[in-house]
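Notes for the one structure printed next.
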Amino acid sequence: MQRRVLIILPRIPFPARDGAEVVMSETLIAMAAAGHSVDVFALNPLKSRRAPDVLAAFCRNFAAVDIDTSVHAAQLAVKLVVHQQFNVDETPLYASYWVSRFIQDNALHALRDFVQANGPYDVIHCETLFTVYYGLTLRSISPCAVVYRSHNVEWRIQQTLARESHLGYARRIVHWRLAAQTERYERRASCMVDAIACISQVDALWYTQTGTKALITTVEPGVRCAIGPGPKATEPTIGYMAIS
């Protein structure tokens with residue numbers, strides 16, 4: 001059955017240069033190939049800014065909004081003490097600075113205009129935790145299912161950094177605080193979406209323990225491979241894949 005799908009991206013994933021961008025680009029390509037009517041709204045952060053026209057080949061309508069997610073020491077210091085509150089239908093979400101850098105008014109207004117012009121949608125597909133808030137805010141203008149595509153259990157990344165002994169004590173304290181704040185946000189957000197597509201069964205297990213009633217499934221990432229025989233090696237050859 002064909003669905004009208006809006007995919008919200010935290011950045012433009014073409015050309016795909018890392019694992020997250022591979023997941024996002026392959027998901028977009030697969031949805032279009034499956035015959036769904038796909039629109040794309042992408043955040044375009046300063047540090048990874050790209051021309052949005054590349055999205056035209058994979059969707060019906062698209063828009064991109066430039067944002068700046070740079071870390072500012074003064075803002076970080078304040079947000080480590082005072083949570084930033086965002087409301088979804090009068091339900092508060094308290095975001096860590098790690099997440100709130102991606103939530104900006106200009107992007108929210110542009111997204112609402114985009115949905116009003118091109119919606120309604122059957123599914124809002126939010127790539128990564130950093131776009132979930134945007135998807136949740138759309139229910140008031142376009143009632144639909146909100147799907148959260150989780151690339152990581154994000155608070156665990158901050159927790160891992162907090163345990164790195166080579167980091168200074170102050171930086172480790174910052175990461176511990178970000179981990180705690182992000183976990184609170186991630187738990188609450190997972191209870192507000194309709195479905196969660198995880199990258200691994202380990203991540204899926206954590207989401208089942210949040211108390212969410214969302215449908216949880218594991219969709220392992222994949223890539224398209226060229227069909228046909230590859231070049232024959234003239235001598236013993238070893239292939240390897242490095243992940244950094």
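We use all heavy atoms of the structure for the numbers below, so side chains are in, but hydrogens, waters and symmetry mates are not.
One hydrophobic cluster, built from ILVMFWY side chains closer than 4.5 Å, cannot hold both Leu138 and Val38; they sit in different ones. Under the 4.5 Å side-chain contact rule for hydrophobic residues, Leu108 and Ile124 share a cluster. Following chains of ILVMFWY side-chain contacts shorter than 4.5 Å, one cannot reach Val81 starting from Leu93, and the two form parts of different hydrophobic clusters. Cluster membership for Val78 and Val174, using ILVMFWY side-chain heavy atoms within less than 4.5 angstrom, is not shared. Cluster membership check: Ile196 does not share its hydrophobic cluster with Val123, using side-chain heavy-atom separations under 4.5 Å among Ile, Leu, Val, Met, Phe, Trp and Tyr.
Taking 4.5 Å as the limit, every side-chain heavy atom of Glu186 sits out of range of all side-chain heavy atoms of Val132. Side-chain contact check for Val153 versus Val202: every heavy-atom pair is 4.5 Å or farther apart. You'll find the side chain of Ser100 reaches within 4.5 Å of the side chain of Phe86, heavy atoms only. By the 4.5 Å heavy-atom criterion applied to side chains, Ser140 and Asp89 are counted as neighbours. By the 4.5 Å heavy-atom criterion applied to side chains, Phe114 and Asp39 are counted as neighbours. Here the side chains of Leu46 and Ile67 are not in contact, with every heavy-atom distance at 4.5 Å or above. The shortest distance between side-chain heavy atoms of Thr131 and Phe102 does not fall below 4.5 Å. Residues Cys126 and Val147 have side chains not in contact (no heavy-atom distance under 4.5 Å, counting atoms from C-beta outward).
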Audit row: Leu111, Val115, side chain to side chain contact (heavy atoms under 4.5 Å, CB included) steps and yes/no
CA-CA 6 Å; Leu111 174 60; Val115 171; 4.1 Å; yes

Report the C-alpha distance between Met24 and His151 in whole Å, list the side-chain angles of each, state the deciding distance to 0.1 Å, and finish with yes or no for side chain to side chain contact (heavy atoms under 4.5 Å, CB included).
CA-CA 10 Å; Met24 291 187 284; His151 288 214; 3.7 Å; yes

Side chain to side chain contact (heavy atoms under 4.5 Å, CB included), that's the test. Do Thr128 and Arg149 meet it? Break it down for me.
CA-CA 6 Å; Thr128 78; Arg149 175 46 158 161; over 6 Å; no

Apply side chain to side chain contact (heavy atoms under 4.5 Å, CB included) to residues Ile199 and Val219 and explain how you reach the verdict.
CA-CA 6 Å; Ile199 215 80; Val219 182; over 6 Å; no

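Atom CZ of residue Arg177 and atom OG of residue Ser96 lie 10.0 Å apart, to the nearest 0.5 angstrom. Here the straight-line distance linking atom OH of Tyr121 with atom CD1 of Ile141 works out to 10.0 Å at 0.5 Å rounding. A distance of 13.0 Å separates CD in Glu183 from CG in Leu178, rounded to the nearest 0.5 Å. Atoms CH2 and CG, on Trp176 and Leu161 in that order, are 10.5 Å from each other to the nearest 0.5 Å. Taken from CG in Asp203 to OG1 in Thr218, the straight-line distance is 8.0 Å, to the nearest 0.5 Å. The CG atom of Leu76 sits 4.5 Å away from atom CG of Leu80, with the distance rounded to the nearest 0.5 Å.
Under the side-chain contact (heavy atoms from CB on, under 4.5 Å) criterion, Thr210 pairs with Arg187, Ser190, Cys191, Trp206, Thr212, sequence neighbours left out. Partners of Arg184 under the salt bridge (Lys or Arg N to Asp or Glu O under 4.0 Å) rule, at least two apart in sequence or in another chain, do not exist in this structure. Annotation: salt bridge (Lys or Arg N to Asp or Glu O under 4.0 Å) contacts of Arg163 (sequence neighbours excluded): none. Residues meeting the salt bridge (Lys or Arg N to Asp or Glu O under 4.0 Å) test with Arg49, sequence neighbours left out: Asp66.
When ring centroids are compared, Phe58 and Phe14 come within the 6.0 Å threshold.
Counting non-hydrogen atoms of neighbouring residues, nucleotides and ligands closer than 6.0 angstrom, the CZ atom of Arg60 exceeds 12 such neighbours. Around CD of Gln201, the count of heavy atoms belonging to other residues, nucleotides or ligands within 6.0 Å does not exceed 12.
The main-chain N or O of Pro52 is never found under 3.5 Å from a side-chain atom of Asn44 such that the two would form a donor-acceptor pair. The closest donor-acceptor contact from the side chain of Ser25 to the backbone of Val22 lies under 3.5 Å. The closest donor-acceptor contact from the side chain of Asp68 to the backbone of Ser70 lies under 3.5 Å. Of the possible polar contacts, none joining the Glu90 side chain to the Asn87 backbone as a donor-acceptor pair under 3.5 Å is found.
Across all non-hydrogen atoms, the minimal contact from Ser150 to Tyr207 is OG-OH, 3.0 Å. Closest approach of Ala107 and Leu43 over heavy atoms only: CB-CD2, 3.8 Å. In this structure, Val54 and Ala51 approach most closely via the heavy-atom pair CG1-O, 3.5 Å.
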Do any side-chain atoms of residues 3-11 form donor-acceptor pairs under 3.5 angstrom with protein atoms, and if so which ones, sequence neighbours left out?
from: Arg4; atom 1: NH1; to: Pro120; atom 2: O; distance (Å): 3.3
from: Arg4; atom 1: NH2; to: Asn118; atom 2: O; distance (Å): 2.7
from: Arg11; atom 1: NE; to: Glu21; atom 2: OE2; distance (Å): 2.9
from: Arg11; atom 1: NH2; to: Asp18; atom 2: OD1; distance (Å): 3.1
from: Arg11; atom 1: NH2; to: Asp18; atom 2: OD2; distance (Å): 2.8

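For the residue pair Gln181/Tyr97, the side-chain donor-acceptor check at 3.5 Å is not satisfied. Under 3.5 Å, the side chains of His83 and Gln85 contain no donor-acceptor pair of N or O atoms. There is no side-chain donor-acceptor pair under 3.5 Å between His175 and Gln159.
Ring-plane geometry between Phe130 and Trp98 is classed as perpendicular, the angle between the planes exceeding 60 degrees on a 0 to 90 degree scale with a lower cut at 30.
The stretch residues 105-117 participates, sequence neighbours left out, in no side-chain hydrogen bond (donor to acceptor under 3.5 Å, both in side chains) pair at all.
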